[in-house]
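All remarks here apply to the structure that follows.
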Amino acid sequence: MITIAKLTRSYGRGKAQTLALKGIDLSIPAGQFVSIIGTSGSGKTTLLNVIGGLDREFGGSVSVGDKKLETLGDRQMSALRNESIGFVFQHFHLLDHLTCVENVMLPSYFDHRPATAPLVNRAQEMLQKVGLETKFDDRPTALSGGQKQRVAIARALFNHPRIILCDEPTGSLDRTTGVQIMDLFRRLVETDKLTLVVITHEEHISRMADRIVRLEDGEIVSDEQRTGDAPPIADLAPGSP
Amino acid sequence: MSPARLLRLVGQNLRRNKKNFIFSSFGILVGISTFMFFMGLGEGIRTVVMDKVFVYNQLEIIPKSYEVGAFKTDGGLFGGSRLTDASVEEIRGVPGVRGVYPKMKLTFPARAWGGQELMGRNFYTELIADGIPDAVVKDEITGPAAFRDWDAAPIGCVANDGCPDGQTCGGGVCHKTTCKPPATDNRGNITGDDPCPGKSYCGQDTRTCEMPIPVLANPRLLEIYNGSIHTAMKGTDGALSKMPRLSPAALVGLQFYATLGKSYLGSSGAGEPITRRFELVGFSDKAIGIGVTLPIGYVQRFNARFRGKDGDGDYHSLLVETDNNEAVVGVATYATERMNLDLDDKYENAQKAGLIITIITAIFTLISVVIIGIAAVNIMHTFLMVIVERGKEIGLMRALGATKGDISAIILLEAAAIGFVGGAVGSAVGVGMAMLSDVAFDRFVADFPFKPDTLFAWEPWFFAVAVGGAILFCLLGAFVPALRAANLDPAAALTGR
């Protein structure tokens, strides 16, 4: 459960101050797939960074589970990110000098909890889950854009988080690959009961979510629950509206 | 983050940024190798100068005397001082004093000759000698060639056991055997066969078998011969040109004669000259610089014989051994200020030499520290650059759960690793440069007195300081970048804002 109340975030000071978020109120129940859509500069990435604890300079209140982010210190916030939140970025942010398995294992470096299974096995399991069982020892430079994003998803899933935050996860992919990635997300949400928040500016991607929150100029202008089943993949493929 | 994971991550980063880090550690390597080189050189020179030329932990005290034209006074009206048994006892009581050994010079004319066995002909010289107690060198001169006063007191025995050569046991003490002295030429050289057994010889005046008087020489004499005389005489005509380099082992056991009470420059007014045989029993730093050193009992008896009442009183100097070098200053102050005594020039020279070496070593060490400091600044720049390059990666790590402390630890450990490698390799390079210098020194620099086998000496703490210092400077250099990395805004870093 993510609860946001009267969230504000500004950049700059004095006359140069820009209000990126203007008192957002939002509640996302556990297990929901939410897409936040908006034009560039609407504040959607800022909102995601605040939810993920990457941006701490906000006003108002943000709770993730039972944790109020504004009250957490660096260690507690870091532990929350490590244990409960998985991030997927537009530009993947994979480390080119590491193999796929090593990239996926990265969260384990900062995990203070005792490992329940060998870390390499767990990383391989995650890569299998995203369909990359033949790429364990490949380096990211040898992968396509879609494969890189799958590695990033495996990394986000590695510590079994409750929430996945995705910032334009299909922004660097072609439409077909983007749809495949979103389909993968949707399946993961269903099987792992994850809360998924996806930032996107692509309408067809947002339509795959249970709920579409539209942001404009730092404010929520619409909040729609999808009724019925998600559209079939074929409808989202190239050539479809 | 656990230490094992931290090390693994740091290892991966170092491998990835090899070029940057090799470049960074080069400065550290240069600084540390310079540091090691000069520390080793300073210590090496200090060892030679302070242990061989000037001996550490000891000083020589002499009576104060004033000279005004041809007049010299050592007491009374002009305020000079004397060295007596009371002086010895007083200095023994000064804190830090381990031992006090009086020295007495031979104060009458004497001449010596010998060297036939070694050089094929005898050499003649004025005899310069002093005396020291046997106890001074009891740990240095051991074995059959003992540094002992054979005539100090009757030697106890049981049926000839324990008697020296030429003496027999009677009534529980050794008695010298009477003998007929062999014939001599007009220069005093023995021409006939000596009737006394073993090492003993027949005294021309005593007509009894006598043990040779044991003497010590200073190793500096040998150094001066090997380093200067031997080098200078090589290739010239004359007996000395064929002389080999000499070692203590080759010279110990060498015997020579001396006429006491008469020299080439004059004769003693008191008593007829006598001839005695001497034997070199060893080398010691405590022996007189030029001449030979006898057990002090012989000197006291000879002085009394040839100088009468003038010759049996004061000591000429006191050799004082201290517990450590720091105590030397206190003893020197006590002797000069409380007892109105003087210090031998050697002590002041040692102080000056020690000071000069310390200053030179300090200057070069400072230079190496400056080099390491510049290297630390270079490391700071490298890390600042690395942090800009790795901004997104740092942002990613923060997103994946790294704390600010984790990020700092990664940067600082990378710096420490560079310092460790730079320090270790720099130490090895410094020692290597020292070894090359030693080879060049040995090959291109001619022999001179006290020429050492190596110019360098190493203490284990040099290596600890070198590696520890390198790590410390790298950590200092990386401190600001580590703070900056830790405080990097992860959201901004990830989005490239």
Side-chain angles (χ1 to χ4, degrees), chain A residues 9 11 20 45-58 72-99 102-115 119 152 155-156 158-159 161 165 167-168 199, chain B residues 1-22 385-414 417-418 482-497:
Chain A
R9 175 66 168 104
Y11 296 103
T45 297
T46 303
L47 176 61
L48 194 81
N49 286 335
V50 170
I51 296 171
L54 295 175
D55 190 340
R56 311 289 308 277
E57 293 174 22
F58 60 85
L72 299 182
D74 180 58
R75 277 178 177 278
Q76 294 161 307
M77 190 65 245
S78 299
L80 179 73
R81 279 197 300 265
N82 181 259
E83 295 165 16
S84 305
I85 302 172
F87 289 92
V88 177
F89 305 98
Q90 179 183 352
H91 298 296
F92 326 124
H93 293 316
L94 299 177
L95 303 185
D96 289 342
H97 63 286
L98 303 181
T99 64
E102 288 168 338
N103 265 291
V104 172
M105 282 167 58
L106 269 177
S108 70
Y109 284 100
F110 313 109
D111 190 353
H112 295 273
R113 298 167 298 177
L119 298 173
R155 182 180 64 196
F158 184 79
N159 268 357
L165 303 178
D167 187 3
E168 302 276 9
I199 299 290
Chain B
M1 190 168 20
S2 74
R5 288 170 185 170
L6 180 63
L7 282 174
R8 192 168 166 186
L9 204 55
V10 166
Q12 288 168 348
N13 289 340
L14 288 174
R15 276 196 296 277
R16 179 171 40 140
N17 290 305
K18 253 184 288 186
K19 278 184 190 168
N20 272 345
F21 292 142
I22 287 172
M385 190 179 73
V386 162
I387 285 161
V388 171
E389 281 175 7
R390 280 162 49 182
K392 283 190 176 157
E393 182 183 322
I394 292 167
L396 173 72
M397 286 185 184
R398 296 281 281 140
L400 298 181
T403 61
K404 289 181 178 183
D406 290 336
I407 300 296
S408 297
I410 291 167
I411 301 294
L412 290 175
L413 198 63
E414 285 176 21
I418 291 171
L483 275 184
R484 194 172 284 186
N487 289 311
L488 205 66
D489 178 355
L494 284 165
T495 53
R497 254 198 289 123

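Per chain, numbering begins at 1; letters A, B, ... match sequence-line order.
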Toward chain B, the part of A:R155 with a non-hydrogen atom under 4.5 Å: side chain

task: Report yes if the side chains of A:L95 and B:L396 come closer than 4.5 Å at any heavy-atom pair, otherwise no.
output: yes

query: From B:L400 CG over to A:M105 CE, what is the distance, rounded to the nearest 0.5 angstrom?
result: 13.0 Å

- prompt: In terms of heavy-atom proximity below 4.5 Å to chain B, should A:Y109 be classed as side chain, backbone, both, or neither?
  reply: both

- request: To the nearest 0.5 Å, tell me how far A:H93 NE2 sits from B:E393 CD.
  value: 11.0 Å

- prompt: Would a distance-only check, ignoring hydrogens and angles, find a side-chain to backbone donor-acceptor pair under 3.5 Å from B:R5 to A:S108?
  reply: yes

- prompt: Any side-chain heavy atom of A:H97 sitting closer than 4.5 Å to one from B:N13?
  reply: yes

message: To the closest 0.5 Å, what do you measure between CG (A:L106) and CE (B:M397)?
response: 6.5 Å

statement: The interface call for A:L98 against chain B, heavy-atom contacts under 4.5 Å, is side chain

- prompt: Hey, which of B:P490, B:G405, B:S2, B:A402 has the most heavy atom pairs under 4.5 Å with chain A?
  reply: B:A402

statement: Among A:T45, A:L48, A:N82, A:L165, the residue with the most heavy-atom pairs under 4.5 Å to chain B is A:N82

message: Main chain of B:A491, side chain of A:D55: is a donor-acceptor contact present, judged purely on distance under 3.5 Å?
response: no

- prompt: Looking only at heavy atoms, what is the nearest atom pair of A:R81 and B:R398, with distance?
  reply: NE-O, 2.6 Å

- request: Give a yes or no on this: more than 12 heavy atoms of other residues, nucleotides or ligands lie within 6.0 Å of atom CZ of B:R484.
  value: no

message: At a 4.5 Å cut-off on heavy atoms, which part of B:L9 comes close to chain A: side chain, backbone, both, or neither?
response: both

- request: Ignoring hydrogens and angles, tell me if any N or O in the side chain of A:D74 forms a donor-acceptor pair with the backbone of B:K404 under 3.5 Å.
  value: yes

- prompt: Where is the tightest heavy-atom contact between A:F89 and B:A399, given as atom of each residue plus distance?
  reply: CZ-CB, 4.0 Å

